[in-house]
Asks: 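Dropping a structure here in structure tokens format, bear with me for questions.
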Amino acid sequence: MRIALFFVVEGVAALAIGFAALFLSFDSAWSAEQPQQAVLRPSEARSGSLLLKTDDGYADATRLGIDVDLTVSGPTIRARVTQIFRNPTKDWMEATYVYPLPSGGAVDTLKMVVGDRVVVGDIKEKQQARAIYEQAKQNGQKAALTEQERPNIFTNSVANIGPGETVLVQIEYQEPVQQSGNEFSLRVPMVVGPRYNPRPLVQSVDLRADGSGWGATTTDPVPDRDRITPEVLDPAEHAPVNPTNITVRLNAGFPIGEVKSHFHQVRIESPDSTTRIVKLAEGPVPADRDFELTWKPAAEKAPSVGLFREHVGNSDYLLAFVTPPSVEQAQQKPLPREVVFVIDNSGSMGGTSIIQAKASLLYALGRLQPTDRFNVIRFDDTMDVLFPAPVAATSGNIGTATSFVSALQARGGTEMIPAMRAALSDTNRDDASYVRQVVFLTDGAIGNEQQLFETISALRGRSRVFMVGIGSAPNTYLMTRAAELGRGSFTHIGSVEQVDERMRGLFAKLENPAVTGLSAKFSDANADLTPAALPDVYRDEPLVLAAKLDKLAGSVEIKGRIGDRPWSVTLPLAKAAEGKGLSKLWARRKIADAEVARTTRQASPEDADKTILALALEHQLVTRLTSLVAVDKTPSRPAGEPLKLTELPLNLPAGWDFAKVFGERPRLPAATGERRADAGDGKVQVAALKRSPVATRAPTATVQLPKTATDAELKMIAGVILLTVSLLLLVFNRRQTSSPR
């Protein structure tokens with residue numbers, strides 16, 4: 001009986017195993033250190049992974065991890081960004097990754113770490129750096145290339161990452177701390193939002209029979225559209241990628257009070273009264289929104305003056321912060337205002353961004369005074385102007401505007417130029433009894449920034465342009481440069497909770513006199529000052545000056561007018577404190593001056609480019625005309641081994657609506673080849689991107705669908721084998737129990 005019971009139990013167990021085998025997967029385990037390729041199903045994707053389609057299914061693609069380390073030393077920030085490229089496939093790979101940096105950052109260092117070797121990059125002219133990289137790639141050498149696409153968009157390319165290998169690429173940059181009133185801040189952009197790129201304009205003429213050479217020409221407002229439009233993953237279909245870790249070592253130079261991270265949970269350590277160590281509370285986070293950190297002094301008032309120096313080579317570099325006093329207008333009442341509000345309701349504003357923008361504009365309408373007049377313009381790929389001309393801020397007109405704004409929905413493309421032209425159209429330009437202001441609310445998600453800058457420069461007249469950046473990842477380069485050209489300021493609103501606070505700060509600027517007519521004069525030193533033309537500054541804003549001096553002697557006197565009152569301050573240069581990286585900041589600001597002069601036609605393109613190139617090569621900075629390249633001397637990819645390209649995708653910025661930007665997800669896989677993806681109403685064009693079965697350069701508006709083939713055959717064969725074994729065991733059981741003892 002014991003023997004019979006044993007065989008019965010064994011038979012039942014074998015039968016159960018046979019049925020279970022029909023549903024179990026026999027996939028091999030994955031290891032980043034193993035060179036073999038792991039075949040996966042889309043449902044098995046891990047966080048931070050990207051699946052590439054292969055003949056056998058899906059394989060885990062080259063993966064990226066990011067570590068950001070920032071050190072704040074008084075007025076400056078030194079940042080080190082480490083990108084960790086891991087290749088879990090069996091192929092040799094080239095990886096490219098588009099990523100954002102602060103628009104005012106001076107990128108000056110590139111290091112590539114391969115095993116125990118560290119290769120330091122060199123600054124070269126852009127075409128030369130690209131040629132060096134391509135030659136190294138062809139030779140099988142590991143190489144890294146850092147290129148600027150915009151002052152706030154960069155691309156890293158890494159060639160010849162071997163099977164199972166990890167390559168680290170580290171860049172460093174310098175930037176100034178931002179100050180607004182009693183608050184200091186830094187911002188780390190973490191994702192490049194999808195850009196709207198207007199259609200190219202194609203002009204054609206007939207070729208003459210006489211062979212004179214006349215022919216077709218093409219004018220493209222975004223000639224580099226394919227460089228700034230990486231693939232964006234649909235969060236409904238993919239887990240977040242590009243996990244990022246952030247550490248801030250904050251040494252403010254004065255006792256610190258409140259420290260706050262606005263969009264991420266952080267853990268804060270306090271070694272002493274002037275130092276804080278800030279880390280992400282939950283470890284690495286997806287790169288899908290900007291990181292913003294603010295701090296305030298322990299005292300009631302922040303320092304109103306800062307003076308720092310650095311000696312490099314034969315020159316002294318100076319960085320000065322001066323916050324003019326907040327004074328009320330004397331005797332005379334402030335002039336009434338004519339305010340034109342412009343709100344972006346394009347597809348990229350879908351989700352939480354349109355809620356923030358509408359709340360901000362409704363707040364602004366409620367702040368208008370009876371003596372003011374106003375108008376409202378909304379735009380996507382179309383445009384509506386609420387009133388034929390600015391109207392008085394009566395309760396009836398404000399009610400009409402409130403209803404208009406409340407009904408707005410996000411849709412369509414982002415044709416910003418016509419809206420800016422309409423806002424700057426000043427039919428009462430001779431009426432000096434009103435101060436004219438344009439308040440522009442947008443995420444700035446366009447690729448034709450230069451067209452916007454040229455429009456503002458040509459049409460601004462007496463208007464002042466105030467940019468309000470909306471959402472988790474605004475285009476800060478567009479915002480800050482547009483505000484500079486429009487003689488206004490930039491305010492960022494990253495969440496609905498910030499609307500009241502940030503809009504109050506903006507209206508403090510709109511309603512109080514600016515400091516105008518600013519000038520700076522050095523008593524003893526010859527100074528190369530930047531910005532070249534000192535801008536107006538608004539309430540609670542500091543005037544920030546950088547200068548290259550032949551000697552650190554004497555003083556600098558700053559003069560201006562606050563409303564109708566003269567104002568001046570004198571800073572003794574001998575009392576300047578030691579600063580770090582000031583020469584880089586000065587050079588970066590001078591490069592920005594040259595770009596502005598090029599835009600405003602104060603300098604020819606040739607002269608501006610000559611200035612930019614000379615500054616970039618002297619101070620070793622990445623610019624529009626220069627790149628950093630690092631090449632490992634030792635070839636690593638064997639001759640004859642193919643190299644495959646993988647372009648790493650980005651997350652959709654937090655709060656964005658994928659369907660509003662790219663349209664509804666297609667039901668069938670799109671055909672391979674060049675295409676243009678249209679947004680929901682057929683107006684948004686995203687760059688056409690080529691793809692191959694292994695390289696991932698898929699159109700951003702499409703989502704790769706999995707193959708329908710599975711490993712069912714393997715499972716069924718294994719199941720049949722085990723079922724056969726179980727039947728044999730049952731037959732054997734019966735014979736044993738029925739045979740006489």
Side-chain angles (χ1 to χ4, degrees), residues 68 70-81 99-109 146 148-154 171-180 183-190 192 248 290-294 306 308 310 317-321 444 449-450 453 467 469 473-486 488-492 529-535 537 541-548 579-599 611-612 615-616 619-626 628:
V68 181
L70 303 116
T71 300
V72 179
S73 302
T76 61
I77 303 164
R78 184 67 181 177
R80 183 174 66 243
V81 179
Y99 61 99
L101 289 178
S103 57
V107 180
D108 59 5
T109 300
T146 298
Q148 176 184 302
E149 314 299 344
R150 299 287 188 276
N152 64 334
I153 303 180
F154 291 75
I171 64 163
E172 297 183 18
Y173 65 86
Q174 193 89 10
E175 69 164 330
V177 166
Q178 301 298 312
Q179 181 184 0
S180 178
E183 186 176 81
F184 298 82
S185 66
L186 63 82
R187 188 176 193 84
V188 181
M190 292 171 60
V192 177
V248 180
D290 293 356
F291 175 85
E292 183 181 59
L293 189 75
T294 60
F308 305 89
E310 180 187 40
Y317 293 86
L318 193 75
L319 184 65
F321 294 77
E449 294 101 330
Q450 188 60 32
F453 302 153
M467 302 297 294
N475 183 354
T476 53
Y477 160 58
L478 178 140
M479 304 291 182
T480 52
R481 181 62 58 83
E484 178 185 356
L485 291 169
S489 66
F490 163 50
T491 301
H492 174 242
L529 186 67
T530 178
L534 299 187
V537 297
E541 288 183 349
L543 173 65
V544 183
L545 305 175
K548 179 181 180 181
K580 296 180 180 179
L582 306 189
S583 63
K584 305 282 188 183
L585 296 182
W586 173 83
R588 191 71 187 82
R589 292 278 299 269
K590 289 290 291 183
I591 289 168
D593 282 349
E595 294 283 15
V596 169
R598 194 177 194 269
T599 298
T611 299
I612 292 167
L615 286 164
H619 293 272
Q620 295 290 286
L621 299 178
V622 177
T623 66
R624 178 171 53 83
L625 303 175
T626 53
L628 274 164

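Keep in mind that what you see is a predicted model, and the values were worked out from it rather than measured.
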Asks: Backbone N or O of Ala106 within a donor-acceptor pair of the Gln174 side chain at under 3.5 Å?
Replies: no
Asks: Between Leu529 and Ala547, what is the shortest heavy-atom contact and its length?
Replies: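 In this case the closest contact between Leu529 and Ala547 is CD1-CB, 3.9 Å.
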Asks: Show the nearest heavy-atom pair for residues Leu543 and Pro535, with the distance to one decimal.
Replies: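 Looking at all heavy atoms of both residues, the shortest contact is CD1-CD, 4.3 Å.
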Asks: Taking the side chain as C-beta and beyond, is there a heavy-atom pair between Ser489 and Val537 under 4.5 Å?
Replies: no
Asks: Answer yes when Arg80 and Glu172 have at least one side-chain N-carboxylate O distance shorter than 4.0 Å, and no when they do not.
Replies: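 No.
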Asks: Please report the interatomic distance OG1(Thr626) to CD(Gln620), rounded to the nearest 0.5 Å.
Replies: 9.0 Å
Asks: Please determine whether side-chain contact (heavy atoms from CB on, under 4.5 Å) holds for the pair Tyr99 and Ile171, giving the CA-CA distance in whole Å, both sets of side-chain angles, and the decisive distance to 0.1 Å.
Replies: CA-CA 12 Å; Tyr99 61 99; Ile171 64 163; 3.3 Å; yes
Asks: To check you understand the geometry: which heavy-atom pair defines the closest contact between Asp290 and Pro189, and what is its length?
Replies: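 Result for this residue pair: OD1-CA, 3.2 Å.
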Asks: Name the one of Val544, Leu186, Val72 that satisfies side-chain contact (heavy atoms from CB on, under 4.5 Å) with Val177?
Replies: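 Only match with Val177 under side-chain contact (heavy atoms from CB on, under 4.5 Å): Val72.
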Asks: Looking at Arg150 and Glu449, does any basic side-chain N land under 4.0 Å from a carboxylate oxygen?
Replies: yes
Asks: For Gly469 and Phe490, which heavy atoms make the closest approach, and how far apart are they?
Replies: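 Shortest heavy-atom separation between Gly469 and Phe490 comes out as N-CE1, 3.6 Å.
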Asks: As an exercise, state the distance from CD of Glu541 to CD of Gln178, rounded to the nearest 0.5 Å.
Replies: 10.0 Å
Asks: Considering residues at least two apart in sequence or located in another chain, which fulfil the salt bridge (charged side-chain N to carboxylate O under 4.0 Å, His left out) criterion with Lys590?
Replies: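 Listed in chain order: Asp528.
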Asks: Less than 4.5 Å apart, any side-chain heavy atom of Leu485 and any of Val596?
Replies: yes
Asks: Specify the closest pair of heavy atoms between Phe321 and Pro75, including all atoms of both residues, with the distance to one decimal.
Replies: CE1-CB, 3.4 Å
Asks: Using the side-chain contact (heavy atoms from CB on, under 4.5 Å) definition, which of the options Ile77, Val107, Leu621 pairs with Tyr173?
Replies: Val107
Asks: Side chain of Glu310, backbone of Ser583: donor and acceptor closer than 3.5 Å?
Replies: yes
Asks: Examine distances only and state if a side-chain atom of Asn152 and a backbone atom of Pro102 form a donor-acceptor pair shorter than 3.5 Å.
Replies: no
Asks: Taking the side chain as every heavy atom from C-beta outward, state whether Leu615 and Trp586 have any pair of such atoms under 4.5 Å apart.
Replies: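 In contact.
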Asks: Between Arg588 and Gly104, is there a donor-acceptor pair closer than 3.5 Å when you use the side chain of the first and the backbone of the second?
Replies: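 Pair absent, no side-chain N/O of Arg588 close to backbone of Gly104.
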Asks: Could you tell me the separation between the CD1 atom of Ile612 and the CG atom of Asp593, rounded to the nearest 0.5 Å?
Replies: 10.0 Å
Asks: Is the shortest distance from a Lys or Arg side-chain nitrogen in Glu595 or Arg624 to a carboxylate oxygen in the other one below 4.0 Å?
Replies: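 Between Arg624 and Glu595 there is a salt bridge, with a charged N closer than 4.0 Å to a carboxylate O.
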Asks: State, yes or no, whether a side-chain contact exists between Arg78 and Thr109 at a heavy-atom distance under 4.5 Å.
Replies: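 When only atoms from C-beta onward are counted, Thr109 and Arg78 do touch, with a gap below 4.5 Å.
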Asks: Could you walk me through whether Gln450 and Thr599 pass side-chain contact (heavy atoms from CB on, under 4.5 Å), step by step?
Replies: CA-CA 8 Å; Gln450 188 60 32; Thr599 298; 2.9 Å; yes
Asks: Calculate, to the nearest 0.5 Å, the distance between atoms CG and CG belonging to Asp108 and Leu628 respectively.
Replies: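 It is 8.0 Å, given to the nearest 0.5 Å.
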Asks: Which atom names give the shortest non-hydrogen contact between Thr623 and Ala616, and what distance separates them?
Replies: CG2-CB, 3.7 Å
Asks: Would you please name every residue forming a salt bridge (charged side-chain N to carboxylate O under 4.0 Å, His left out) with Arg589, sequence neighbours left out?
Replies: none
Asks: How long is the straight-line distance from CG of Leu318 back to CZ of Phe308, given to the nearest 0.5 Å?
Replies: 10.0 Å
Asks: Apply side-chain contact (heavy atoms from CB on, under 4.5 Å) to the pair Thr530 and Lys548, showing each step before the final yes or no.
Replies: CA-CA 9 Å; Thr530 178; Lys548 179 181 180 181; over 6 Å; no
Asks: Less than 4.5 Å apart, side chain to side chain, heavy atoms only: is that true for Leu319 and Thr76?
Replies: yes
Asks: Applying side-chain contact (heavy atoms from CB on, under 4.5 Å), run through Met467 and Leu478 and close with a yes or a no.
Replies: CA-CA 9 Å; Met467 302 297 294; Leu478 178 140; 4.0 Å; yes
